[in-house]
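Here the structure is laid out as structure tokens; the discussion comes afterwards.
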Amino acid sequence: MIGRSIAAVWKIEQPRLITSLARLLRDVPLAEDLTQEALLAALEHWPASGIPEKPGAWLMATAKRKALDHLRRGKMLARKHAQLAHELEQDEQTMPDLDSALDDDIGDEMLRLIFTACHPRLPRDARAALALRMICGLTTAEISRAFLVPEATVAQRITRAKRTLSDAGLAYETPRGPELSERLPSVLEVIYLIFNEGYTAARGDDWLRPELCNEALRMGRALIAIRPREAEPHGLLALMELNASRAAARTDAAGDPILIPDQDRSLWDRIAIRRGVQALARAEELGGAGGFYALQAAIIACHARAGKYADNDWARTASLYGHLMALRPSPIIELNRAVAIGMAQGPAAALAIVDGLRDAPALKSYHLLYSVRGDLLEKLGRREEARAEFHTAAGLAANRREREMLERRAAAICD
């Protein structure tokens, strides 16, 4: 029990600890190492003493003392180290209410650290991976699923990025002007992937992780405050608001998934839909109608405007997916386009597209490829093949809720 409690506390506090320590030390990899040391100290002391009343404050105080020890061991020959040590010593003497302090600045500090991790000196494919792992706390397995690449590849990218950050001594700062615009696409990608992991969890027992969705929404709104005349932040916020509007309808009382065709649309949050539509309109006003996030938001807006799943404007949805494919070719986007074509033109037309994706390397272990194919085969009356596809999809799904849903679909065909 205590182990699970510590894990829960750590999941919440880890990004906050890294964020605040990185601000003090100007060294992101060192901040991560020190937070790990603080966790080890908690695992050593808390089983005997119990979890403190303010666990975040305890962890932060422990990490700061370890940072001070680290600087002292290095003899602090550099003026920078001496100044940092002085700041930490003062901090240790006064020791304010660290929980309150963390809560006060977590928004700005989290975003600042993500901007740091997305430094243009890092390879683009490493920026988001580093931020998601070290700052946002996602596992390498969750990140590999987001990028559809092997876990070993993700781990290698993160290791190299941390080494680059440490060796180059990159500044811990929120860039301004042209520098901010240069990093903005990678920051948007990080927020987008955080939201996606919260919206449909890659692993674990819960299909939804609302805390990640809420954090992504918060950062999306903060970005708009920073760059109000950039179209893509508005497009991303529209996409997240429109998707989040369906949260209450996406699971039943037991926490099992309910797919969009079967959702009770009276549970959709009309206020969130209104916010999403307004953000999409703002993106379009700024000339961003053809942006990556605005196009996706426009697709979700089609669902939001339809009274029933079958009433959706499927021809427009398929067309929007076509624009997305032209902008950023991806087998997942093509898979989604196939679903829309299946609704607009029939399952046979969609199956021809899906069958053309079966050899795509990125989709070999992607369970939704087999799930979509199973659904199309079932509609075509090819029940035995459909059941086999759902079984395959279930075997590949890492999330327990999703796996059980797919197994139920296979069993229903069998019956």
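All residue numbers in this chain count up from 1 along the given sequence. These numbers come from a predicted model, not from an experiment.
The side-chain hydrogen bond (donor to acceptor under 3.5 Å, both in side chains) analysis of residues 314-332, with sequence neighbours excluded, yields the pairs Asn312-Thr317. Residue pairs meeting the salt bridge (charged side-chain N to carboxylate O under 4.0 Å, His left out) criterion with at least one partner in residues 291-301, sequence neighbours excluded, do not occur; the list is empty. Sorted by first and then second residue, the side-chain hydrogen bond (donor to acceptor under 3.5 Å, both in side chains) pairs involving residues 331-345 (not counting sequence neighbours) are Glu334-Arg337.
Using a 4.5 Å cut-off on side-chain heavy atoms (C-beta onward), Asn243 and Cys213 make no contact. Proximity of Arg218 to Leu111: side-chain heavy atoms (C-beta onward) are nowhere separated by under 4.5 Å. Using a 4.5 Å cut-off on side-chain heavy atoms (C-beta onward), Phe115 and Leu223 make contact. Using a 4.5 Å heavy-atom threshold, the side chains of Ile299 and Leu324 count as touching. Side-chain contact between Ile332 and Leu363: present, with at least one pair of heavy atoms (C-beta onward) separated by less than 4.5 Å. Residues Pro329 and Ile333 fail the side-chain proximity criterion, which asks for heavy atoms closer than 4.5 Å. Residues Leu184 and Pro233 have side chains in contact (heavy-atom distance under 4.5 Å, counting atoms from C-beta outward). Taking the side chain as every heavy atom from C-beta outward, Leu193 and Phe147 approach each other to under 4.5 Å.
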N/O donor to acceptor pairs below 3.5 angstrom from side-chain atoms of residues 366-373, sequence neighbours left out:
residue: His367; atom: NE2; partner: Glu402; partner atom: OE1; Å: 3.3
residue: His367; atom: NE2; partner: Glu402; partner atom: OE2; Å: 3.0
residue: Tyr370; atom: OH; partner: Lys364; partner atom: O; Å: 2.9
residue: Arg373; atom: NE; partner: Asp355; partner atom: OD1; Å: 2.7
residue: Arg373; atom: NH2; partner: Asp355; partner atom: OD1; Å: 3.3

Distance-only donor-acceptor pairs under 3.5 Å for side chains of residues 185-192, two or more places apart:
residue: Ser186; atom: OG; partner: Arg127; partner atom: NH1; Å: 3.2
residue: Tyr192; atom: OH; partner: Gln296; partner atom: OE1; Å: 2.8

Got a list of side-chain donor-acceptor pairs under 3.5 Å for residues 270-284, not counting sequence neighbours?
residue: Arg270; atom: NH2; partner: Arg265; partner atom: O; Å: 3.4
residue: Arg275; atom: NE; partner: Glu241; partner atom: OE1; Å: 3.3
residue: Arg275; atom: NE; partner: Glu241; partner atom: OE2; Å: 3.1
residue: Arg275; atom: NH2; partner: Glu241; partner atom: OE1; Å: 3.2
residue: Arg282; atom: NH1; partner: Glu285; partner atom: OE1; Å: 3.1

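Taking the ring pair (Phe, Tyr, Trp, His ring centres under 6.0 Å) definition, one finds that Phe390 meets it with nothing, sequence neighbours left out. The side chain to side chain donor-acceptor pair (under 3.5 Å) check on Glu404 picks up Arg400, with sequence neighbours excluded. Every salt bridge (charged side-chain N to carboxylate O under 4.0 Å, His left out) that Glu384 has, sequence neighbours left out, goes to Arg387. A search for side chain to side chain donor-acceptor pair (under 3.5 Å) contacts involving Ser49 returns nothing, not counting sequence neighbours. Asp375 meets the side chain to side chain donor-acceptor pair (under 3.5 Å) test with Lys379, Arg409; sequence neighbours excluded. Residues that satisfy the side chain to side chain donor-acceptor pair (under 3.5 Å) test with Trp268, not counting sequence neighbours, are Gln263.
The CD1 atom of Ile224 lies 13.5 Å from the CE atom of Met219; values are rounded to the nearest 0.5 Å. Note: Thr153 OG1 to Ile143 CD1 = 12.5 Å, rounded to the nearest 0.5 Å. Here NE2 of His234 is found 8.5 Å from CZ of Arg229. Values are rounded to the nearest 0.5 Å. One finds the OG1 atom of Thr164 at 11.0 Å from the NE2 atom of His119 (value rounded to the nearest 0.5 Å).
Side-chain N or O atoms of Glu13 include none that pairs as donor or acceptor with a backbone N or O of Pro55 at under 3.5 Å. Side-chain N or O atoms of Glu385 include none that pairs as donor or acceptor with a backbone N or O of Arg382 at under 3.5 Å.
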For side-chain contact (heavy atoms from CB on, under 4.5 Å), just list the numbers for Asp33 and Lys66, CA-CA rounded to whole Å, side-chain angles, deciding distance to a tenth of an Å, and then say yes or no. CA-CA 10 Å; Asp33 292 341; Lys66 290 182 178 296; over 6 Å; no
Verdict with reasoning, Asp256 to Thr251, per side-chain contact (heavy atoms from CB on, under 4.5 Å): CA-CA 5 Å; Asp256 290 325; Thr251 56; over 6 Å; no
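Across all their heavy atoms, Ala350 and Ile341 have their closest contact at N-CG2, 4.3 Å. Nearest heavy atoms, Ala161 versus Ala126: CB-CB, 4.0 Å. Of all the heavy atoms in Ala63 and Leu21, the pair that sits closest is CB-CD1, 3.6 Å. The minimum heavy-atom distance between Ala216 and Met240, with the atom names listed, is O-CE, 3.4 Å.
Side-chain atoms of Arg250 and Thr200 form a donor-acceptor pair, as typed in the model, at a separation below 3.5 Å.
A salt bridge does not link Glu378 with Arg383: every distance from a Lys NZ or Arg NE/NH1/NH2 to an Asp or Glu carboxylate oxygen is 4.0 Å or more.
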